[in-house]
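Index from 1, following the sequence.
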Amino acid sequence: MSERGPAPPLPADLEWVNTDVPPRLETLRGRVVLLWFWSYDNVNSWNLMPQLRRLEEQHHDGLAVIGVHCPKYPHQRDGEALLRAVNRHRLRHPVANDRDFRAWQDYGIAAWPSVALVDATGRFAAIYAGEGRGAEIEAHVGALLDEAAAHDQRVYEPTEAVARPEPRGVLAFPAGLLVDEQRLFVADTGHDRVVECSHDGRVVRVFGSGNAGHADGVAALACFRQPHGLARRGNALYVADTGNHCVRRVDLVSGEVDTVLGTARAGRSRPVAAEATATALNTPLGLAAVGDDLFVAVAGQHQVWRFEPATGLVSVLAGTGDLGLADGHGNEAAFAQPTALAAIGRELLVADAASSAIRAIDVDSGRVDTVLGRGLYVFGDATGARVEARLQNPLALAADPRGLLYVADSYNDAIKLVSRRSGETRPLRMAHPLREPQALAVARNMLWIANTNQHEIIAIDLAHGALRRVPVGET
């Protein structure tokens, strides 16, 4: 192997959010160390997590995994917010908040996510940037472990899992909502299930076993993995099954669950009238039904897709697939991690999270325009006219038929009201604290909010301003 130099030590004063015993490279001699640099808003970082989990399980007796979080947004500099993200993504290795990018710079990192490997003697071995490098990383980790064993340097003892878990409750990190005249549906994301409730929170049915996985069938045995967005057409409830990279359908008469889009593996397809169940997609998050069609915010591919339930075919509606903020028709337009969808007539509104923007798509022509937002690194917390207003990683929106948009300005812990026509923005004043809200719905003259990091649903009377917490499963 090529000559290796000593790996840079981690800064001694990093904040470790989920352990009281900060790891140090010098105490990990005899193990291969995998340092991964990430930001919890970043979809590519999410997609690396299952690969890291597999590596931890496969090499639990010789590999130490350490997370180094390097925040894009000011909101993410807060250790409590990072701890919630660590728990939401079920990470059980030590995670530090590298607020000022010091470890990032010491290791010469240039992109989220990146993996740095350190051999069993503490020497720097390699960097792998981006997602989709899992096979290379796995092979290199195996080679480093074999090398350590051959030189009698390897330690054969598992590292202990670390965690500061969330309080247990009925809901865990809810991130999808759908409300109609009779029912409230909640994507109970942290419990890998969908809950059907009355408007006062009484649980009527649960779809999903609560075990993370991909399995179709009856409600009690079906498995989801971190479900998010919800949409309904007739007796079909559609679920963006984010962790399985597919869209599922729940028959609300029988309770049966099946897969209508995706292969349960992340992909990079660019479909044109393709068979939906044979088409792989990457990290679907938002759904909206318009007419006979279902539209999907495919966050991992920076696109919006059209699915036709009647034919079982899927096509890209808009988006080049490249990260960006550009208007135009169809494949001329660029999105940046589109996360949520809402409809006004034949127009789709898009929460374009990574550009802190709100976009609009004419579903008939595919024309994309920007309602609010200026670029990938133009964000903040400001209201007023379109040119002045700023959001910080919006993750949900809901539309009033009159053209008023309710936006979950998630990393500002706020709800903003945006005029579709003018882009003028104002805050929704409320006494109840929000913690990264990630789903909204407007129904029955109420605004329903998934207060995600507080594990709760709240509802606001839009006529009178009265607010109530919906006691899901508590009555």
Taking every non-hydrogen atom, the tightest pair across [X] and [Y]:
X    : Y    : answer
Q392 : P74  : OE1-CD, 3.3 Å
D98  : A103 : OD2-N, 3.0 Å
A351 : I358 : CA-CD1, 4.2 Å

**OP:** State the OG-CZ distance between S356 and R390, to the nearest 0.5 angstrom.
**Re:** 10.0 Å

Original post:
In Å, rounded to the nearest 0.5 Å, how long is the span from CD1 of I127 to CD1 of I109?
Top reply: 4.0 Å

Distance-only donor-acceptor check, side chains [X] and [Y], under 3.5 Å:
X    : Y    : value
D327 : T370 : yes
Q301 : N282 : no
R88  : N453 : yes
H432 : Q454 : no

**OP:** Evaluate the side-chain contact (heavy atoms from CB on, under 4.5 Å) criterion for residues L397 and V418: first the C-alpha distance (whole Å), next the side-chain angles of each, then the deciding distance (0.1 Å), finally the verdict.
**Re:** CA-CA 10 Å; L397 76 171; V418 179; over 6 Å; no

Under the ring-ring contact (aromatic ring centres under 6.0 Å, His included) rule, collect the residues that match up with [X], sequence neighbours excluded.
X    : value
H75  : Y411
W38  : W36, H69
F185 : none
H214 : none

**OP:** Look at the rings of W448 and H199 and say which category their plane angle falls in: under 30° parallel, 30 to 60° tilted, over 60° perpendicular.
**Re:** tilted

Original post:
Can we say E347 and R420 salt-bridge, meaning some charged N sits less than 4.0 Å from an Asp/Glu carboxylate O?
Top reply: yes

Subject >> Carboxylate-amine/guanidinium proximity below 4.0 Å for E181 and R232 >> reply: no

Original post:
Looking at T383, T425, D409, which hits side chain to side chain donor-acceptor pair (under 3.5 Å) with K416?
Top reply: D409

Original post:
Does a sphere of radius 6.0 Å around CG in D364 hold more than 12 heavy atoms from other residues, nucleotides or ligands, not counting ones at 6.0 Å or beyond?
Top reply: yes

Original post:
Within a radius of less than 6.0 Å around CZ of R426, do more than 12 heavy atoms belonging to other residues, nucleotides or ligands occur?
Top reply: no

Subject >> salt bridge (charged side-chain N to carboxylate O under 4.0 Å, His left out) partners of D78, counting only residues at least two apart >> reply: none

**OP:** For N42 and S39, run side chain to side chain donor-acceptor pair (under 3.5 Å): C-alpha distance rounded to whole Å, both residues' side-chain angles, the deciding distance at 0.1 Å, then the answer.
**Re:** CA-CA 6 Å; N42 177 260; S39 183; over 6 Å; no

Subject >> Option from R346, R306, R233 for which salt bridge (charged side-chain N to carboxylate O under 4.0 Å, His left out) with D293 holds >> reply: R306

Original post:
Any ring-ring contact (aromatic ring centres under 6.0 Å, His included) pairs touching residues 372-406, not counting sequence neighbours?
Top reply: Y73-F379

